[in-house]
Amino acid sequence: MVRGAEPRAAPEPQRGGGAQHDTAPPRTGGGAAAQGGAMLRGCGRGAAAVLRRAAGSRGASGQEQGPGPGRPPEPSLLRFLVCPLSKRPLRYEESTNELINEELGIAYPIIDGIPNMIPEAARSTQKRPPAGGSEQP
Amino acid sequence: MAAGLCPGRALLSRRGGALWALLGPARGLAAGPETHFGFQNVSEAERREKIYQVFENVAEKYDVMNDSMSLGIHRVWKDILVHKMNPSPGTLLVDVAGGTGDIAFRFLNYVRSVRERQLQQKLRHQQNLSWQEISKSYQEEKSNPLGDSQVVVCDINREMLKAGKQKAQHLGYSEGLSWVLGNAEELPFDDDKFDVYTIAFGIRNVTRIDLALQEAYRVLKPGGRFLCLEFSHVSNPLLSRLYDLYSFQVIPVLGEVIAGDWKSYQYLVESIRRFPPQEELKAMVEDAGFLRVDYQNLNSGIVAIHSGFKL
């Protein structure tokens with residue numbers, strides 16, 4: 001979701017700091033990407049709002065719009081969750097609202113506060129595909 | 001080709017087996033050994049996909065359909081399950097294939113009332129309390145009405161979880177309840193975590209029941225209890241005839257009329273017939289390592305509750 005927003009961020013002229021790049025910047029780029037990052041976050045917020053409306057959730061938890069798409073999960077749940085493949089603990093990444101397994105280099109998305117722990121849905125966090133290529137969606 | 005792969009598959013570890021299931025379609029091999037979808041024979045991957053679609057289609061109308069098909073009796077079955085569980089406050093429950101949250105809500109109600117009774121009894125037995133102590137006790141009840149009980153609802157289908165979450169909001173359940181999208185054959189929980197594992201009307205839809213039972217064993221604490229509520233086999237011949245008649249003539253029609261979906265409910269009744277009977281399921285539960293495995297027939301075997309302990 002967040003990666004998909006990048007190409008859209010590049011041509012958008014608003015939100016100050018014009019786009020100085022023609023192609024989509026890499027996520028961990030240099031200074032120019034910082035402004036792209038600001039636009040990205042703006043897109044992310046917009047996307048989050050769309051997602052929330054689409055999901056029909058009436059915002060019962062009343063949480064502020066987080067930096068990532070969707071609401072963070074309940075802290076009590078994070079205690080229990082491990083990676084279904086390796087059964088190792090996960091790290092909650094607030095910026096992308098994902099649960100990350102560092103060892104295997106995969107990230108599980110959290111949508112609407114519900115973590116998606118199906119291996120096929122996990123995203124690879126590595127730049128190059130891992131040797132096995134089996135955890136990639 | 002599939003035959004040659006099967007022994008290899010058996011040799012792979014549990015996790016390896018899951019990876020194999022992922023790799024199979026990617027490499028263009030046969031997507032798993034043959035299994036059944038209702039009365040059809042399909043590959044495992046196809047079955048998983050078809051079942052996902054069934055529940056995606058019925059999610060919105062799931063509760064309504066349950067009420068009309070079982071004439072509301074499914075509520076009694078679920079009540080009996082939770083009463084059998086008899087959870088005390090502080091219990092950690094994982095409800096797998098819990099979709100719309102029926103078991104989870106009943107669990108929360110149960111522990112809340114047990115907790116209330118506990119606190120009332122405590123008050124009654126201490127006659128010479130000062131006013132501060134009494135009010136402290138009431139505050140205790142307010143701040144911790146569930147007594148630290150928790151239930152995690154795990155389901156493989158996003159639509160069912162969404163429906164469940166909405167229902168929870170609507171009915172006012174928030175504390176002690178969490179939702180996870182996960183596969184019963186590969187639970188995203190660590191070992192020895194939960195006091196009770198329940199799967200109500202879900203194990204029938206799992207592709208590899210043995211894997212699901214192994215996972216159930218894994219995530220339960222020592223002393224933990226496994227409870228499975230599922231349609232089963234009716235031995236009484238007359239009742240069996242009537243049940244068949246009702247299942248095959250009435251239920252798909254209800255499905256079409258109420259949910260606009262004949263096929264899903266056709267699948268439902270066929271899958272019930274294909275599911276192993278009481279003794280066979282009991283043997284499977286024992287194979288997973290559970291002890292003191294037993295089952296209780298409800299309504300002469302239309303439904304059965306299987307119970308086992310991790311000891």
Side-chain angles (χ1 to χ4, degrees), chain A residues 51-63 70-92 97-101 103-104 106-122 124 129-137, chain B residues 13-27 45 48-49 52 92-94 148-166 168-170 172-194 215 218-219:
Chain A
L51 219 122
R52 228 166 279 133
R53 273 198 296 276
S57 52
R58 276 170 268 121
S61 56
Q63 299 200 3
R71 295 197 297 272
E74 299 183 45
S76 58
L77 182 56
L78 293 177
R79 269 200 295 145
F80 296 121
L81 289 179
V82 298
C83 173
L85 291 169
S86 65
K87 314 299 181 193
R88 308 288 278 151
L90 297 164
R91 183 173 62 83
Y92 173 57
N97 208 30
E98 290 176 329
L99 291 164
I100 302 199
N101 180 339
E103 288 175 349
L104 294 175
I106 49 179
Y108 297 95
I110 299 176
I111 305 178
D112 269 343
I114 302 179
N116 184 342
M117 309 305 294
I118 310 278
E120 287 95 333
S124 172
S134 53
E135 275 92 12
Q136 293 234 19
Chain B
S13 70
R14 175 189 66 216
R15 279 176 232 133
L19 279 176
W20 190 94
L22 287 171
L23 290 171
R27 288 201 191 138
R48 212 170 283 139
E49 179 60 38
Y52 192 92
L92 256 68
L93 168 67
V94 59
D148 295 323
S149 320
Q150 261 197 298
V151 53
V152 179
V153 179
C154 179
D155 199 294
I156 199 173
N157 194 301
R158 181 183 299 288
E159 295 303 315
M160 293 290 281
L161 281 178
K162 255 173 61 177
K165 230 180 162 189
Q166 280 172 10
Q169 274 174 8
H170 184 65
Y173 293 98
S174 56
E175 213 184 302
L177 176 61
S178 4
W179 310 82
V180 177
L181 221 156
N183 187 345
E185 299 169 10
E186 259 189 313
L187 290 174
F189 305 116
D190 211 350
D191 302 0
D192 304 329
K193 272 270 174 289
F194 295 99
E215 281 291 272
R218 184 181 66 79
V219 304

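The shown structure was predicted, so the numbers you read here are calculated from the model rather than taken from an experiment. Quick note on labels: first sequence line is chain A, next is B, and so on, each numbered from 1. Any value given below was found using the heavy atoms of this structure, including those in side chains, with hydrogens, waters and symmetry copies removed.
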Could you grab the distance from atom [atom1] of [X] to atom [atom2] of [Y], nearest 0.5 Å is fine?
| X | Y | atom1 | atom2 | result |
| --- | --- | --- | --- | --- |
| L161(B) | I111(A) | CG | CD1 | 11.5 Å |
| K162(B) | I114(A) | NZ | CD1 | 9.0 Å |
| L181(B) | I110(A) | CG | CD1 | 11.5 Å |

Shortest non-hydrogen contact between L77(A) and W179(B), atoms and distance: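 Shortest heavy-atom contact: CD2-O, 3.6 Å.
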At their closest point, which heavy atom of L187(B) faces which heavy atom of K87(A), and how far apart are they?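 Scanning both residues completely, I find the closest heavy atoms to be O-NZ, 3.0 Å.
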Would the distance check show the side chain of K165(B) and the main-chain N or O of D112(A) forming a donor-acceptor pair, the cut-off being under 3.5 Å?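 Pair found, side chain donor or acceptor close to backbone of D112(A).
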Is the shortest side-chain heavy-atom distance between F189(B) and L81(A) below 4.5 Å?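 Touching, per the 4.5 Å side-chain cut-off.
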Checking heavy atoms, do the side chain of R88(A), its backbone, both or neither come under 4.5 Å from chain B?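 The answer is neither part of R88(A).
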Heavy atoms only, distances under 4.5 angstrom: which of V219(B), N183(B), V180(B) has the most pairs with chain A? Name it, please.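 Heavy-atom pair counts peak at V180(B).
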